[in-house]
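Here is the structure we will look at, set down as structure tokens.
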Amino acid sequence: MVTPQSEDFSKWYNEIVYRADLAAQSPVRGCIIIKPYGYEIWEAVKNWLDRRFKETGHQNAYFPLFIPESYLKREAEHVEGFSPELAVVTIAGGKELEEPLVVRPTSETIIGEAFSQWIQSYRDLPLLINQWANVVRWELRTRPFLRTTEFLWQEGHTAHTTEADAEAETMQMLDIYADFAWNQAAMPVIKGRKSENEKFAGALRTYTIEGMMGDKKALQSATSHNLGQNFAKAFNIKYLSRENVEEYCWTTSWGMSTRIVGGIVMTHGDDKGLRLPPRVAPIQVVAVPIYKTETEISAVTEALQRIVKELRGAGIRVHIDDRDETPGFKYNDWEMRGVPVRLEMGPKDLEKNSVVLARRDVPGKEGKQFVSQDGIVQAVKDLLDTIHHHMLQQAQDFTQSNIQDVHSHDEFKQVIEAGYWARGWWAGSNEQERGIKEETGATIRCFPLDQPGGNAPCFLTGQTADRIALFAKAY
RNA sequence: CGGGGCGUAGCGCAGCCCGGUAGCGCGCAUCGUUCGGGUCGAUGAGGUCAUGGGUUCGAAUCCCGUCGCCCCGACCA
């Protein structure tokens, strides 16, 4: 049995990560071993995103893990933002290095340097590059997947001729992330813009998708930055325009990381374990044969093999659990590991030409149904789809019912104190935003892109505000 | 960096106060049994007790130091 979410969410999360076999602790502080089952979820993320990146004209490349320390310093805000969490190599090959190398915390700088050489003319633009990589940030507090010292991600880096083009790229990638979250991971994230305090170090504007986890804390699930000309100026990324004038590029960067695996766990998991959204689940259907005698074993196995072959032929990811354990043990085991559909087949099914399909998202008898073996492929496909939508709907209901509108400072404090997200008109300063954080622990998660429009008084200052902000405690 | 906890079998822990040469549960292996919601039994394998030093005839246990990891905060994807 796992610690119930209601008792200690954090403890629940840790237990799930290890017991569902997603990851293991490593000998290195803050670093985890991503085990095959967890890595397969990441591969699902990766494969989907990679396809979308390529469809939208991006190409993959790979840049060095090490970055000359001086590069980081070329963009003032950037170095200030990242220097506290850098790992720096000062000795290599038994000798002290002339210039220390930082292990990349992100690659704007070294890619910016490359871009400055690659780009000469407006004909070279837009330049659309992505890299799949590991990065290192020496965070003070780590948690499996959500914040590890080393993590995997993709970082897109692009250069454009105009601010409008850069902004369009930034939004396009944000939309792809949101598409992934909603339609693959069944996470109803909210798209929005970061406040000045929360934006990426060195960016002009940062956009984010924010998701509500099972404990109502917010998780920044991906970000997309319009870097303006900040990095172009710092790294001399210039092009010659059609009019033969030298101009600075407008650049963007955007990323999603292995953090999303933690987000999936915390969005969907329950007290029986993990619940994986079907489209990212490494195993979509686990087949459990049921039998008593030798004759039954061969009969059931044979029929099951046939069904599984059919399902696999249709592109469904099926695993047969033929371990020498009792069915009950297997049910619990696969529920812990979050497999969306369990297919049971036993002697009774052979007689009736049926199988049992059990849904992970609907507990107990209610989620079980007998289905004819004829048309099993379509039935399973439909069921996986139904499960996806049901999980999305559940998460959406949960998110919506835990966001409260606030109109005054007192109301705000109560709402945050009670663990909800607060939504309210905001015209406060950066200072006042920091004050709120100090006072309640909540930060502006974003200014949602979806705004009501018009004006209303700021809940804190009473001044006329032209936009609403979402506040929450965050991971 | 502040606060707390923990290092003993693959995992989770007991033993330590009151020194005498290591034990329980799970897991693992083999055999049998069971099998539509965590079967049951038998046998067996597996440990430099984190590490350095000290006290002692004798240290997992007492004393001093070191290292590491985890959890809670501040920093952050």
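Quick note on labels: first sequence line is chain A, next is B, and so on, each numbered from 1.
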A:Lys35 NZ to B:G10 C1', in whole Å, measures 10 Å

Q) Which value, in whole Å, describes the distance between the P atoms of nucleotides B:C26 and B:G65? A) 40 Å

**Message:** Could you check whether the side chain of A:Asp333 and the base of B:G38 have a donor-acceptor pair of N or O atoms closer than 3.5 Å, going by distance alone?
**Reply:** no

By the Watson-Crick or G-U definition, both distances under 3.5 Å, B:C1 is matched with B:G73

Ranking A:Leu350 and A:Pro144 by the position along RNA chain B of their nearest nucleotide, the one closer to 5' is A:Leu350

To the nearest angstrom, the CG-P distance between A:Asp8 and B:C70 comes to 17 Å

note: A:Glu294, atom CD; B:U33, atom P; distance rounded to Å ~ 10 Å

query = What does A:Phe151 touch in the nucleic acid at a heavy-atom separation under 4.0 angstrom: a base, only the sugar-phosphate, or nothing?
reply = base

- Task: Please state the C1' separation for the pair B:G54 and B:A14 - nearest whole angstrom.
- Result: 28 Å

Under 4.0 Å between any heavy atoms, over every strand shown, what does A:Leu146 touch: base, sugar-phosphate, or nothing? Just pick one. base

Taking a pair to mean Watson-Crick or G-U wobble geometry with both distances below 3.5 Å, B:G58 pairs with none

Practice problem: Rounded to whole angstrom, note down the C1' distance from B:G15 over to B:A59. | Solution: 14 Å

* Between A:His157 and A:Phe63, does the ring centre distance come in under 6.0 Å? -> no

Before accepting this row, confirm whether a basic side-chain N of the pair A:Glu150/A:Arg137 lies closer than 4.0 Å to the acidic partner's carboxylate O. no

Per salt bridge (charged side-chain N to carboxylate O under 4.0 Å, His left out), A:Glu210 is matched among A:Lys217, A:Lys194, A:Arg193 by A:Lys194

Rounded to whole Å, the OH-P distance (A:Tyr18 to B:C69) equals 13 Å

A:Glu344 CD to B:G38 P, in whole Å, measures 12 Å

### Query
Between A:Asn14 and B:C70, does any side-chain N or O lie under 4.0 Å from OP1 or OP2?
no

Quick one: is B:C75 close enough that its OP1 or OP2 comes under 4.0 Å of any side-chain N or O from A:Lys437? yes

* Any ion pair linking A:Arg337 and A:Asp21 (charged N to carboxylate O, less than 4.0 Å)? -> yes

For A:Gln220, answer base if it contacts any base atom (sugar-phosphate contacts may also be present), sugar-phosphate if it contacts only those atoms, and nothing otherwise; contact means non-hydrogen atoms under 4.0 Å.
sugar-phosphate

Taken to the nearest whole Å, CD1/A:Ile290 to P/B:G38 is 12 Å

Is the closest basic N to carboxylate O distance between A:Arg360 and A:Glu335 below 4.0 Å?
no

Q: Tell me what A:Gly30 touches on the nucleic acid: a base, only sugar-phosphate, or nothing, going by heavy atoms under 4.0 Å.
A: sugar-phosphate

By nearest-nucleotide position on RNA chain B, the 5'-leaning member of A:Lys272 and A:Glu198 is A:Lys272

Here the distance between atom C1' of B:G12 and atom CZ of A:Arg19, to the nearest Å, is 11 Å

Kindly say whether, by distance alone, the side chain of A:Glu335 makes a donor-acceptor pair under 3.5 Å with the base of B:G38? no

Any strand, both distances under 3.5 Å, Watson-Crick or G-U wobble: B:A9 pairs with none

- Message: Suppose you measure atom C1' in B:U30 against the same atom in B:A45; what distance do you get, rounded to whole Å?
- Response: 11 Å

| said: What's A:Lys348 touching, base or sugar-phosphate or nothing? Going by heavy atoms closer than 4.0 Å. | reply: base

Item to complete: Can you establish whether the number of heavy atoms outside A:Lys352 located under 6.0 Å from its atom NZ is more than 12?
Response: yes

When rounded to the nearest Å, what value does the distance between C1' atoms of B:A22 and B:C13 take?
14 Å

Whole-Å distance, A:Gln25 CD to B:G12 P, equals 8 Å

Using a heavy-atom cut-off of 4.0 Å across all strands, would you classify A:Thr106 as base, sugar-phosphate, or nothing?
nothing

Exercise. How far, in whole Å, is B:G5 from B:C28 if one measures between their P atoms?
Worked result: 35 Å

As its Watson-Crick or G-U partner within any shown strand, both distances under 3.5 Å, B:C28 has B:G44

Just checking A:Trp421 against A:Phe471, ring centres under 6.0 Å apart?
no

With rounding to whole Å, what would you report as the distance between B:C35 and B:C40 at their C1' atoms? 12 Å

Discussion item. Using a 4.0 Å heavy-atom cut-off, does A:Arg137 contact any base of the nucleic acid, only the sugar-phosphate backbone, or nothing at all?
Written reply: base

Does CG belonging to A:Asn353 count more than 12 external heavy atoms closer than 6.0 Å? yes

- Query: Within the structure shown, what part of the strands sits under 4.0 Å from A:Thr223 by heavy-atom distance: base, sugar-phosphate, or nothing?
  - Reply: nothing

Exercise. Does the base of B:G37 carry an N or O that pairs as donor and acceptor with the side chain of A:Arg342 under 3.5 Å?
Worked result: yes

Across every strand shown, the nucleotide meeting Watson-Crick or G-U wobble geometry with B:C49 (both distances under 3.5 Å) is none

*Determine the interatomic distance between C1' on B:C16 and the same-named atom on B:C62; round to the nearest Å.*
9 Å

